[in-house]
Amino acid sequence: MLSIASHYLNRQQESRGLGWDTPDLWKGDIQQPDPAAFHRMESMLDDLYQRRIMVYPFAGFFGRGSDFPTEKAARYLYIEYTIARLGAYSNLLFMVGGPEPLLRKKSYLSKEEIDQISRKIKAEDVYGHLLSIHNYTGDDLFMEYPWHDYGILQGPKTTDREKLSEIILKNHHPGRPLYLQETLWSGNKYHPDYTPEDVRKNAMVMLLAGGTINFGDMNGNSSSGFSGTIDLSLKVQERHDAIHEVWDFFESLPYHEMKPRQDLVSTGYCLAQEGNRYLVYLEGDQILELQLIPGIYTGRWISADDFSRVIPVKEANHTARFSPPDGTGDWLLYLWRK
């Protein structure tokens with residue numbers, strides 16, 4: 001999945017869209033859709049669909065700094081026409097607007113406008129795309145709204161893994177997906193100076209909180225570095241190696257069948273399909289008490305900095321205590337019912 005800036009409209013701000021050669025779907029001067037721009041965008045979406053790439057529109061229908069319609073009739077025309085043209089694409093997420101429509105002292109939509117626009121999008125979208133809204137750093141303000149199909153979380157921008165997990169879980173609706181959109185942007189000036197080890201450990205905790213990671217490899221703002229330009233000469237390879245180690249490991253698991261279950265562990269971070277399988281991440285040499293539904297479980301310790309290093313564990317049949325194999329490094333405990 002790619003997060004694409006100045007999409008659907010062009011953000012008129014230096015280094016954020018001004019002068020970019022991107023499709024701009026609305027002609028603000030005549031308050032009409034631009035069919036030629038739609039046609040151009042459709043050719044791009046066709047290409048991405050063939051490559052099995054999902055699209056998250058970072059600016060959404062009503063992007064910051066763009067010439068989106070402000071009158072109700074024009075807004076509704078824009079929504080209706082856009083969904084008529086793009087709705088059949090199954091590789092699109094829908095997003096009302098961003099970045100940060102409700103940013104303190106710099107808001108460009110009201111909460112009431114967002115709710116009204118969102119309800120109109122849902123009413124027109126017979127295809128059932130997932131819909132959300134971009135939040136400023138902090139809590140998800142729309143988590144309980146009925147049209148809110150997935151969360152978009154910006155932050156916390158931290159290497160404090162306990163804080164990271166706590167805030168993500170607080171903002172993860174139990175029945176809806178969560179997109180961690182600006183929570184691991186290495187090289188971004190608003191984030192800590194993540195080492196490759198921080199990238200790996202943060203990614204581990206974010207996935208154990210059930211989120212989907214939008215990873216960044218930048219050099220300043222979000223339009224810089226490899227992620228801002230797709231210029232391969234600008235990539236910092238060790239960042240990509242760190243995140244891919246984690247992604248590749250989780251790809252080997254039935255991740256979609258598990259959910260965050262911090263209530264089952266005395267320490268660490270836990271995903272579980274209770275009574276069937278459990279995955280716990282320990283960042284240090286900690287004694288873990290894990291609540292198991294009675295049964296016979298087997299499993300292994302997996303070194304979190306070398307996933308090929310695996311050590312079997314003794315069988316367990318009820319709530320049990322576990323200690324990592326040695327006092328160094330970080331470890332994953334993976335148990336499953338025999």
Could you check if a side-chain atom of Arg300 sits within less than 4.5 angstrom of a side-chain atom of Ile311, using non-hydrogen atoms only? no
Charged N to carboxylate O below 4.0 Å: is that the case for Arg40 and Asp46? no
Check whether any side-chain heavy atom of Pro324 lies under 4.5 Å from a side-chain heavy atom of Asp285, and answer yes or no. yes
Tyr56 and Asn214: side chain donor to acceptor below 3.5 Å: no
Taking the side chain as every heavy atom from C-beta outward, state whether Gln116 and Tyr76 have any pair of such atoms under 4.5 Å apart. yes
Is there side-chain contact between Trp20 and Ser223, with heavy atoms separated by less than 4.5 Å? yes
Value rounded to 0.5 Å, distance of CG in Asn135 from CZ in Phe142: 7.0 Å
Are Lys235 and Asp217 ion-paired here, with the side-chain N under 4.0 Å from a carboxylate O? no
Same apolar cluster (I L V M F W Y, side chains within < 4.5 Å links), Met44/Leu2: no
Check the pair Tyr334, Trp336 against ring pair (Phe, Tyr, Trp, His ring centres under 6.0 Å), reporting the backbone distance first and the verdict last. CA-CA 7 Å; Tyr334 185 39; Trp336 60 90; 5.3 Å; yes
After noting the C-alpha distance and the side-chain angles of Glu166 and Gln262, does the key distance pass the side chain to side chain donor-acceptor pair (under 3.5 Å) rule? CA-CA 10 Å; Glu166 178 184 346; Gln262 291 301 104; over 6 Å; no
Test: Asp149 and Arg176 ion pair at under 4.0 Å: no
Hey, does Tyr278 have a side-chain heavy atom less than 4.5 Å from the side chain of Arg261? no
Give me the atom names and distance for the closest heavy-atom approach of Phe215 to Ser186. CZ-OG, 3.6 Å
Assert yes or no for the condition that the ring centre distance of Tyr8 to Phe68 is strictly below 6.0 Å. no
Does Arg104 make a cation-pi contact with Tyr136, if we ask for NZ or CZ under 6.0 Å from the ring centre and within 45° of the axis? yes
Would you find a donor on one side and an acceptor on the other, under 3.5 Å apart, between the side chain of Arg11 and the backbone of Gly65? no
Less than 4.0 Å between a side-chain N and a carboxylate O, is that true for Glu245 and Arg200? no
Quick test of your reading of the model: are Lys120 and Glu80 salt-bridged, counting only N-O distances below 4.0 Å? yes
How about His134 and Glu182: does a side-chain donor come under 3.5 Å of a side-chain acceptor? yes
Heavy-atom closest pair (Pro192 atom, Thr159 atom, distance to 0.1 Å) is CB-CG2, 4.1 Å
Is there a path of hydrophobic side-chain contacts, each under 4.5 Å between heavy atoms, that joins Ile117 and Tyr81? yes
pair Leu282-Asp330: side-chain heavy atoms closer than 4.5 Å: no
I'd like to know whether Lys189 forms a side chain to side chain contact (heavy atoms under 4.5 Å, CB included) with Met218, so could you lay out the CA-CA distance, the side-chain angles of the two residues, the decisive distance to 0.1 Å, and finally the verdict. CA-CA 9 Å; Lys189 63 184 179 181; Met218 300 164 183; over 6 Å; no
Nearest heavy-atom pair of Val96 and Ile121: which atoms, and what distance? CG2-CD1, 4.3 Å
Here the gap from Ile152 atom CD1 to Leu93 atom CG, rounded to the nearest 0.5 Å, amounts to 8.0 Å
CE of Met41 to CD1 of Ile4, rounded to nearest 0.5 Å, is 8.0 Å
Looking at CD of Glu315 and CG of Asn317, how far apart are the two atoms once the value is rounded to the nearest 0.5 Å? 8.5 Å
Between Asn188 and Ser222, do the side chains contain a donor N or O and an acceptor N or O under 3.5 Å apart? no
Going hydrophobic residue to hydrophobic residue with side-chain gaps under 4.5 angstrom, can you get from Ile296 over to Leu292? no
Same hydrophobic cluster for Met95 and Ile114, using side-chain heavy-atom links shorter than 4.5 Å among ILVMFWY? no
Membership question, hydrophobic clusters at under 4.5 Å side-chain separation (ILVMFWY): are Leu208 and Val280 in the same one? no
Answer yes or no: is there a side-chain heavy-atom contact under 4.5 Å between Trp331 and Pro325? yes
Quick one: does Asn91's side chain get under 4.5 Å of Arg52's, heavy atoms only? no
Would you say the rings of His240 and Phe226 are close, in the sense that their centroids are separated by under 6.0 Å? yes
Is there a ring pair (Phe, Tyr, Trp, His ring centres under 6.0 Å) between Phe94 and Phe61 once you walk through the steps? CA-CA 8 Å; Phe94 276 1; Phe61 285 84; 5.4 Å; yes
With a 6.0 Å cut-off on ring centres, are Tyr78 and Phe62 close enough? yes
If you measure from the Lys or Arg side-chain nitrogens to the Asp or Glu carboxylate oxygens, is any gap between Arg119 and Asp115 under 4.0 Å? yes
Verdict with reasoning, Lys259 to Glu274, per salt bridge (charged side-chain N to carboxylate O under 4.0 Å, His left out): CA-CA 9 Å; Lys259 61 182 179 180; Glu274 194 173 16; over 6 Å; no
Rounded to the nearest 0.5 Å, how far does OH of Tyr269 lie from NZ of Lys201? 10.0 Å
May I ask you to check whether Asp34 and Gln32 show a side-chain donor-acceptor distance below 3.5 Å? no
Would you say the side-chain atoms of Asp140 and His148 include a donor-acceptor pair closer than 3.5 Å? yes
Can we say Arg161 and Asp198 salt-bridge, meaning some charged N sits less than 4.0 Å from an Asp/Glu carboxylate O? yes
With distance as the sole test, does Ser224 use its side chain to make a donor-acceptor pair with the main-chain N or O of Asn221 at under 3.5 Å? yes
Does a side chain donor of either Thr319 or Glu289 reach within less than 3.5 Å of an acceptor in the other side chain? no
Is it the case that Asp160 and Thr158 place a side-chain donor and acceptor less than 3.5 Å from each other? no
As an exercise, state the distance from CG of Asn202 to OG1 of Thr183, rounded to the nearest 0.5 Å. 9.5 Å
For a ring pair (Phe, Tyr, Trp, His ring centres under 6.0 Å) check, start with the C-alpha distance between Tyr150 and His173, then their side-chain angles and the critical distance, and finish with the verdict. CA-CA 8 Å; Tyr150 68 101; His173 190 288; over 10 Å; no
